[in-house]
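Step one of this worksheet: look at the structure below.
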Amino acid sequence: MKTHAQAVVIGGGVIGCSILYHLAKLGWSDVVLLERDELTSGSTWHAAANIHGLHDSANISRLQHYTMTLYNELEAETGQSCGVFQPGSLYLAQTENRAHQLRLQAAKAKLYGMNFHEISRDEAERLHPLVDFDGISCIMYEPDGGNVDPSGVTNAYAVGARQRGAEIHRFTPVTATVPQADGTWIVETPKGNIHTPWVINAAGLWGREVAKLAGIELPLQPTEHQYFVTETIAEIAGMDRRLPSVADRDGEYYLRQEGKGLLIGAYERDMKFWAEDGTPLDFAHDLFPDDLERIEDNMMRAIDRVPVVGEAGIKRVINGPMIWSPDSNVILGPVPELKGYFCCNGIIPGFSQSAGMGWMVAEWLVHGEMKYDMFAWDIARFGLWANDREFVKAKVKDQYAHRFAIHYPNEERSAGRPLRVRPAYEMQREMGAVFGLNYGWEHPLWFADTPGTVDTNGFTRQNWWGPVGEEARMLRERAGIIDISNFAKYRVKGPGAEAWLNAVFANRMPKAVGRSCLTPLIGVRGGIAGDATVTRLGEEEFWVISSGMAERYHKRFFDAVPLPEGTVFESLTEAVCGFNVAGPRSRELLQRLTNASLATEDFPFMRSARIEIAGVDCVALRVSFTGDLGWELHCATEDQARLYAALIDAGRSMRAGPVGSRALMSLRLEKGYGSWSREYSPEYRPQEAGLAGLCKMDKDFLNKAALEAVIGEAPRERLVMLALDETDVTASNADATGGEPIFMDGVGVGRVTSGAYGYSVGMSLALGYVSGAEPGDAVEVMVLGQPHRARILSEPPFDPEGARLRA
Ligand SMILES: Cc1cc2nc3c(=O)[nH]c(=O)nc-3n(C[C@H](O)[C@H](O)[C@H](O)COP(=O)(O)OP(=O)(O)OC[C@H]3O[C@@H](n4cnc5c(N)ncnc54)[C@H](O)[C@@H]3O)c2cc1C
């Protein structure tokens, strides 16, 4: 065994082997995989190994599509069979919402050149004569759907990796990972040690145990999962072709042909955790006792749909473990607190995603960043708060039991909450706040008349749509108070503060105390890794305000630039809370609570000051994401409730009151303001998002060389505003939400990044990236997966000159 390697992958399941293969493919051939047993000794060997291309997330779909395509290429390349069967998949909708979901997925598939289309009942019956299609309102067909052989695929990756120079050592458990002073690692095994700059934890069911070797905890929890295979079914034995698989997600089971019988698996409501205190080290090619009673309800629904299942005997039951994250997406990426430690853990659809995942890991390691915006997979989407065991268990239980439920746009699941609350929480609850979860925090989405109200869910406008409109109009007509404590806040203090910020961010930092600037943060490929407002509060003190959910993600960037001697960077996110008081009468409201003059001549737009509001010390910034006259007030967390009570009280007589974040999202859309992870992501370049003017190419900053390489290029696509035709949207009673494809004359030209109704302008609005379409052009936005007429706007519909903002 070699003693040095560019990277060491721990774990020889399908994921570890795919990572090894993709690293070698991208040119890192000096890589080693260590497996404590045989390859496939975790969840991999016993998987049903169904493969699907479609997903609600377009980027995940693209990676699943890549995975399904690669399996055939891998066979040809390595000579190792992957056991690929692609008889197609049938997706069934029993409800209107499921039909909306499938049609939206089909529209996305069309945009990305994937094959997924609606078929008639006749055609479906011809494809799968054993299914009873009664009660099915929409049937989608994915011709590439099917299944693979789990150990065939894993071994094919292993062969492909070895052919490209990678080493694999079986029966070689990793017993320690020891960080070195220079940021590298020693990986210890009974067969010797390996020195490496990169440790990759792909230990599947043992992801937690391997993480502990490096002193970290991961929010993961294994569960049991079952499927069974029937004896031979005469009708199938008599066929000269293979039947398509059936995704009857409303029935909460999956079904496909296995041999001459059927394989049926289920995610039951009454789920069962396994190994809560840790995965046993001696568990390998083991299974649990059969427990078919637990999935009986699901089986009965499968029998109703495919009656031959009820007559067939059961040949084999597989009850095995799989390991989940709190939102059932993989936990992937370099651990922000450690140097050279990469995680790829908690994978549920390993066979649908293995190649895409291996490719993204390799891209990140070899090129420093992934090709696509995959924040949905990034380990940094969870903070350390997510390691709370009760939270993890509640979330995993909910994810497992609702694996096949529709996940709606704007959906907020209640499991495991509240986890983190701020002092104003109780007051907000009593005022009717309906809360959402943002980086573990509860925050008001909207205010209902009755406390205890919860969101209804759907693809169309829901119970919150009307009240959110009232909040938005209240703010535009008078004033509103928005809790913005979710924003990430950082203080940079010391003699080198200005120099350090200039070295991190693309814009030039303000010279004068009391001034603010907006600035992008540039990614490794020259895309937009972040956007922030930086305010100079003193000669040597700056505050940075940025996206709250990106705090751990941005840590990687901040840590990349060393702090000058004597300069301190600290997060104030927990210590400081904030409100945005905005609207044409916000000055009047606030002036009632302070002696500081808020007149424009004393407190102009983009200025800041330390002032007292209702006796509470605040950092006040004259900015507002609503695009209206307004101030952001940031105070100590212990003062939040006192400040909130005073603001609500002062607003009462002018009929101003609390506004939630859903209204804020609508208000910022009326102004065309972009938001991180929607319009701003490393996938987009500044010139595509309209942020090029904020990048000062005459100074140095993080990843400037990458931006220099692309800034001169013509935009590949451009961020635009769209207004949907009212007659079209009111007919379906829905707005765009983000992710909907945009077509022009039947050709895909882009996709929506955010959508909402603009209540104060009376328009159904969207932001999106398009290529080959210009302001004034008529396009079609696939809201609910159906074409809706829309036009590209040349300016934001609300206050395009910014007069309100500067009033
Ligand atoms: C019943 C069942 C059915 C499933 N059906 C499907 C399906 O239809 N489609 C689908 O896409 N997915 C399915 N899955 C999920 C799929 O099996 C997983 O997503 C996938 O196998 C995860 O692979 P992995 O490589 O991450 O982990 P694992 O397969 O758990 O592999 C981890 C490897 O790491 C090794 N390891 C651990 N600790 C160490 C150490 N200290 N040193 C060295 N090596 C170590 C282990 O021995 C193991 O081989 C199913 C799972 C189950 C349980």
Side-chain angles (χ1 to χ4, degrees), residues 8-20 32-52 64 67-68 145-148 150-151 153-154 157 168-177 187-191 199-214 220 222-229 245 247 254-256 258 263-267 274 279-288 295 317-324 328 330-332 343-358 361 400 403:
V8 173
V9 180
I10 305 175
V14 66
I15 298 301
C17 289
S18 171
I19 293 172
L20 192 77
V32 177
L33 183 146
L34 303 174
E35 164 56 49
R36 65 182 185 119
D37 202 291
E38 272 294 358
L39 297 181
T40 76
S41 296
S43 287
T44 296
W45 70 274
H46 59 254
N50 301 311
I51 52 170
H52 297 287
Q64 293 190 172
T67 301
M68 290 164 70
N147 67 284
V148 292
S151 55
V153 165
T154 309
Y157 282 131
I168 296 178
H169 298 278
R170 295 172 304 138
F171 302 101
T172 311
V174 171
T175 50
T177 49
V187 178
E188 295 184 2
T189 81
K191 295 186 183 169
V199 172
I200 302 163
N201 177 351
L205 291 173
W206 295 266
R208 294 173 298 174
E209 285 67 32
V210 167
K212 273 203 188 101
L213 298 178
L220 295 169
T223 67
E224 294 188 7
H225 177 58
Q226 282 184 102
Y227 66 81
F228 63 93
V229 179
S245 63
Y254 53 85
L255 180 146
R256 70 162 169 86
E258 172 75 6
L263 178 154
I264 295 121
Y267 290 94
W274 178 65
T279 306
L281 293 178
D282 57 356
F283 190 90
H285 278 79
D286 300 304
L287 292 172
F288 310 125
I295 61 168
V317 179
I318 298 282
N319 186 9
M322 58 201 331
I323 188 162
W324 299 68
S328 73
V330 59
I331 290 180
L332 183 150
C343 284
C344 190
N345 303 96
I347 299 114
I348 300 307
F351 290 90
S352 294
Q353 298 182 346
S354 69
M357 208 166 270
V361 172
Y400 185 100
R403 176 74 185 149

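Remember, it's 1-based here, ligands and their atoms both numbered in the order they're listed.
Taking only nitrogen or oxygen atoms, main chain and side chain alike, Glu38 does not reach within less than 3.5 Å of ligand 1. Among the atoms of Ile318, none of the N or O lies under 3.5 angstrom from an N or O of ligand 1. Checked against a 3.5 angstrom limit, the closest N/O atoms of Ser43 and ligand 1 fall inside it. Of the polar atoms of Leu205, at least one N or O is found under 3.5 Å from an N or O of ligand 1, judged by distance alone. An N or O contact shorter than 3.5 Å is missing between Met322 and ligand 1 by distance. Considering backbone and side-chain N/O atoms, Leu39 never comes within less than 3.5 Å of an N/O atom of ligand 1. Between Ile348 and ligand 1, at least one N/O pair is under 3.5 Å apart. For a threshold of 3.5 Å applied to N or O pairs, the pair formed by Pro173 and ligand 1 contains no separation below that value. Between Gly320 and ligand 1, a contact under 3.5 Å exists for no N or O pair. Backbone and side-chain nitrogen or oxygen atoms of Pro321 are examined, and none is located within less than 3.5 angstrom of a nitrogen or oxygen of ligand 1.
The closest non-hydrogen atom to atom 45 (C) of ligand 1, taken over His46, Gln64, Arg36, comes from Arg36. Considering each of Ser18, Gly42, Ala203, Gly11, the one bringing a non-hydrogen atom nearest atom 32 (C) of ligand 1 is Ala203. Which of Gln353, Glu35, Gln226 comes nearest to atom 49 (O) of ligand 1 through a heavy atom is settled by distance: it is Glu35. With distances taken over non-hydrogen atoms, the option nearest atom 18 (C) of ligand 1 out of Asp37, Thr154, Ile347, Leu33 is Ile347.
Legend: residues meeting ring pair (Phe, Tyr, Trp, His ring centres under 6.0 Å) with Tyr254, ordered by chain and number and at least two apart, are His225. For Phe283, the ring pair (Phe, Tyr, Trp, His ring centres under 6.0 Å) partners at least two apart in sequence or on another chain are Trp274, Phe288.
Applying the 4.0 Å criterion to heavy atoms of Asn50 picks out, from ligand 1, the atoms 7 (C), 8 (O), 9 (N), 10 (C), 11 (O).
Ion pairing between a basic and an acidic side chain is recognised when a charged N comes within 4.0 Å of a carboxylate O; Arg170 and Glu38 show such pairing.
Contact annotation: for Thr189 versus ligand 1, there are no heavy atoms closer than 4.0 Å.
Looking at Thr279 and Arg208, their side chains do bring a donor and an acceptor atom within 3.5 Å of each other.
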